[in-house]
J.: 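For reference, the structure I am asking about is given below.
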Amino acid sequence: MRFQQSLREGYALKIPPDHIKAKSLFKSAEQAISAAKKIPVENDTLKSILRELYEGLRQFCEAIGYERGYKFKSHEVITLFLEEILGETHVASRFDRYRKLRNGINYYGNDISLETVKETLVEIPSLLKRLERQV
């Protein structure tokens with residue numbers, strides 16, 4: 001298991017479950033998604049919308065981690081957690097896709113298409129609904 005290796009190497013930590021932090025992150029995730037949906041979809045807002053949607057997805061995943069007694073020290077390890085601990089292979093692959101898109105925007109100045117943002121506005125809330133089963 002790659003997630004177990006991440007634990008051994010310190011990219012994820014086993015901690016006592018922290019339901020208070022999880023609750024706060026669930027709320028932050030909801031707010032991020034809500035804010036992203038309110039931003040007008042225009043050429044100069046596409047990057048901001050994708051960043052906010054990804055942030056909401058990441059916060060939701062971290063909240064589940066805190067509920068289960070894990071703290072993540074990298075976004076990559078969240079992908080492993082989704083896949084190997086939660087058994088959410090589809091969500092893991094989509095999370096990783098959005099992580100890479102967001103990194104491209106933040107670190108390399110990549111552009112994002114209108115079509116991708118429109119898909120993301122539908123898909124990320126759908127992924128959160130699917131992950132709600134894990135809470």
Side-chain angles (χ1 to χ4, degrees):
M1 278 186 125
R2 296 170 296 155
F3 185 76
Q4 294 303 319
Q5 181 179 352
S6 295
L7 283 169
R8 286 191 300 275
E9 294 175 0
Y11 295 107
L13 303 173
K14 187 71 176 134
I15 60 168
D18 189 336
H19 303 294
I20 293 169
K21 190 170 281 187
K23 184 178 178 181
S24 177
L25 281 168
F26 283 130
K27 182 177 179 181
S28 291
E30 180 182 306
Q31 290 170 338
I33 300 300
S34 176
K37 289 178 177 180
K38 292 175 185 169
I39 299 171
V41 180
E42 301 170 352
N43 283 331
D44 63 342
T45 63
L46 299 177
K47 292 178 181 183
S48 296
I49 294 168
L50 188 114
R51 279 189 203 108
E52 205 60 29
L53 289 167
Y54 171 77
E55 184 68 8
L57 176 59
R58 182 194 58 76
Q59 289 174 327
F60 198 90
C61 293
E62 286 196 5
I64 295 172
Y66 279 109
E67 285 283 330
R68 303 273 180 112
Y70 295 104
K71 177 179 174 72
F72 308 121
K73 295 210 169 184
S74 79
H75 294 203
E76 291 94 335
V77 79
I78 295 171
T79 303
L80 299 175
F81 172 77
L82 291 168
E83 183 179 346
E84 297 175 16
I85 302 301
L86 299 185
E88 293 285 354
T89 306
H90 174 73
V91 177
S93 71
R94 302 312 291 165
F95 176 87
D96 203 47
R97 175 179 186 262
Y98 290 120
R99 178 185 67 80
K100 290 173 183 173
L101 287 172
R102 180 271 206 172
N103 285 353
I105 290 168
N106 280 1
Y107 304 122
Y108 306 106
N110 293 353
D111 287 326
I112 191 98
S113 74
L114 176 64
E115 295 78 27
T116 298
V117 170
K118 285 182 177 180
E119 288 172 15
T120 306
L121 279 162
V122 173
E123 185 173 36
I124 286 185
S126 171
L127 294 174
L128 295 183
K129 285 255 185 246
R130 184 170 174 163
L131 285 173
E132 285 176 356
R133 300 184 313 221
Q134 300 287 349
V135 178

J.: Considering residues at least two apart in sequence or located in another chain, which fulfil the side chain to side chain contact (heavy atoms under 4.5 Å, CB included) criterion with Tyr107?
T.: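 By the side chain to side chain contact (heavy atoms under 4.5 Å, CB included) rule, Tyr107 matches Arg102, Asn103.
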J.: Where do Arg133 and Glu88 land on the side chain to side chain contact (heavy atoms under 4.5 Å, CB included) test, with the steps shown first?
T.: CA-CA 11 Å; Arg133 300 184 313 221; Glu88 293 285 354; 2.9 Å; yes
J.: A side-chain contact here means heavy atoms from C-beta on lying under 4.5 Å apart; do Phe95 and Leu57 qualify?
T.: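 Contact flag for Phe95/Leu57 side chains = yes.
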J.: Does Lys14, at its NZ atom, have more than 12 non-hydrogen atoms belonging to other residues, nucleotides or ligands within less than 6.0 Å?
T.: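 Counting other residues, nucleotides and ligands, NZ of Lys14 exceeds 12 neighbours.
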J.: With Phe60, which residues qualify under ring-ring contact (aromatic ring centres under 6.0 Å, His included), at least two apart?
T.: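 Only Phe26 meet the ring-ring contact (aromatic ring centres under 6.0 Å, His included) criterion with Phe60.
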J.: Would you sort out whether Glu67 and His19 count as a side chain to side chain contact (heavy atoms under 4.5 Å, CB included), showing the intermediate values?
T.: CA-CA 6 Å; Glu67 285 283 330; His19 303 294; 3.0 Å; yes
J.: Taking C-beta and beyond as the side chain, do Arg2 and Ser6 meet within less than 4.5 Å on heavy atoms?
T.: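 No. Closest side-chain heavy atoms not under 4.5 Å.
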J.: Between Lys118 and Leu114, does the side chain to side chain contact (heavy atoms under 4.5 Å, CB included) criterion hold? Intermediate values first, please.
T.: CA-CA 6 Å; Lys118 285 182 177 180; Leu114 176 64; 3.8 Å; yes
J.: Please confirm whether the backbone N or O of Ser48 pairs with a side-chain atom of Thr45, one donor and one acceptor, at under 3.5 Å?
T.: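 Between the backbone of Ser48 and the side chain of Thr45 there is no qualifying donor-acceptor contact (under 3.5 Å).
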J.: Between Ile85 and Leu25, is there shared hydrophobic-cluster membership here, with clusters defined by ILVMFWY side-chain heavy atoms closer than 4.5 Å?
T.: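 No.
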J.: For Arg51, check salt bridge (Lys or Arg N to Asp or Glu O under 4.0 Å) against everything at least two apart and list the hits.
T.: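 With neighbours one apart ignored, the set is empty.
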J.: One pair to check against side chain to side chain contact (heavy atoms under 4.5 Å, CB included): Tyr98 and Glu123. What are the steps and the verdict?
T.: CA-CA 10 Å; Tyr98 290 120; Glu123 185 173 36; 2.4 Å; yes
J.: Say whether, by atom type as modelled, one donor and one acceptor occur between the side chain of Gln134 and the main chain of Leu86 under 3.5 angstrom.
T.: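 Yes, the answer is positive, given that a donor and an acceptor are paired below the 3.5 Å cut-off.
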J.: So does Lys21 pair up with Glu62, basic N to acidic O under 4.0 Å?
T.: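 Here Lys21 does not pair with Glu62 in a salt bridge, since their nearest N and O are not under 4.0 Å apart.
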J.: Got a second to check how far Glu76's CD is from Leu80's CG, nearest 0.5 Å?
T.: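 One gets 8.5 Å once the value is rounded to the nearest 0.5 Å.
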J.: Atom CG of Leu128 and atom CD of Gln59: how far apart are they, to the nearest 0.5 Å?
T.: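 Leu128 atom CG to Gln59 atom CD measures 10.5 Å (nearest 0.5 Å).
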J.: First locate atom CD1 of Ile64, then atom CZ of Arg68, and finally report the distance between them rounded to the nearest 0.5 Å.
T.: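 Spacing of CD1 (Ile64) from CZ (Arg68) equals 7.0 Å.
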J.: Enter the distance from Lys47:NZ to Asn110:CG here, rounded to the nearest 0.5 Å.
T.: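 Here the rounded value is 7.5 Å.
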J.: Salt-bridged, Lys27 to Glu30, with N to O below 4.0 Å?
T.: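 A salt bridge is absent here (no side-chain N lies under 4.0 Å from a carboxylate O).
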J.: Output yes when a side-chain donor or acceptor of Thr120 lies under 3.5 Å from a complementary backbone atom of Thr116, and no otherwise.
T.: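 Looks like yes, one N/O pair under 3.5 Å.
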J.: Would you list the pairs meeting ring-ring contact (aromatic ring centres under 6.0 Å, His included) in which at least one residue belongs to residues 72-91, sequence neighbours left out?
T.: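 For residues 72-91, and leaving out neighbouring residues, the ring-ring contact (aromatic ring centres under 6.0 Å, His included) pairs sorted by first residue read Phe3-Phe81, Tyr54-His75, Tyr70-Phe81, Phe72-Phe81.
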J.: Of all residues at least two apart in sequence or in a different chain, which pass the side chain to side chain contact (heavy atoms under 4.5 Å, CB included) check with Lys71?
T.: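 Leu13, Ile15, Tyr66.
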J.: Please confirm whether the backbone N or O of Ile20 pairs with a side-chain atom of Ser24, one donor and one acceptor, at under 3.5 Å?
T.: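 Side chain of Ser24 to backbone of Ile20: no pair is present.
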J.: Quick one: which residue pairs count as a ring-ring contact (aromatic ring centres under 6.0 Å, His included) with a foot in residues 109-135, not counting sequence neighbours?
T.: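 Applying ring-ring contact (aromatic ring centres under 6.0 Å, His included) to every pair that reaches into residues 109-135, excluding sequence neighbours, yields nothing.
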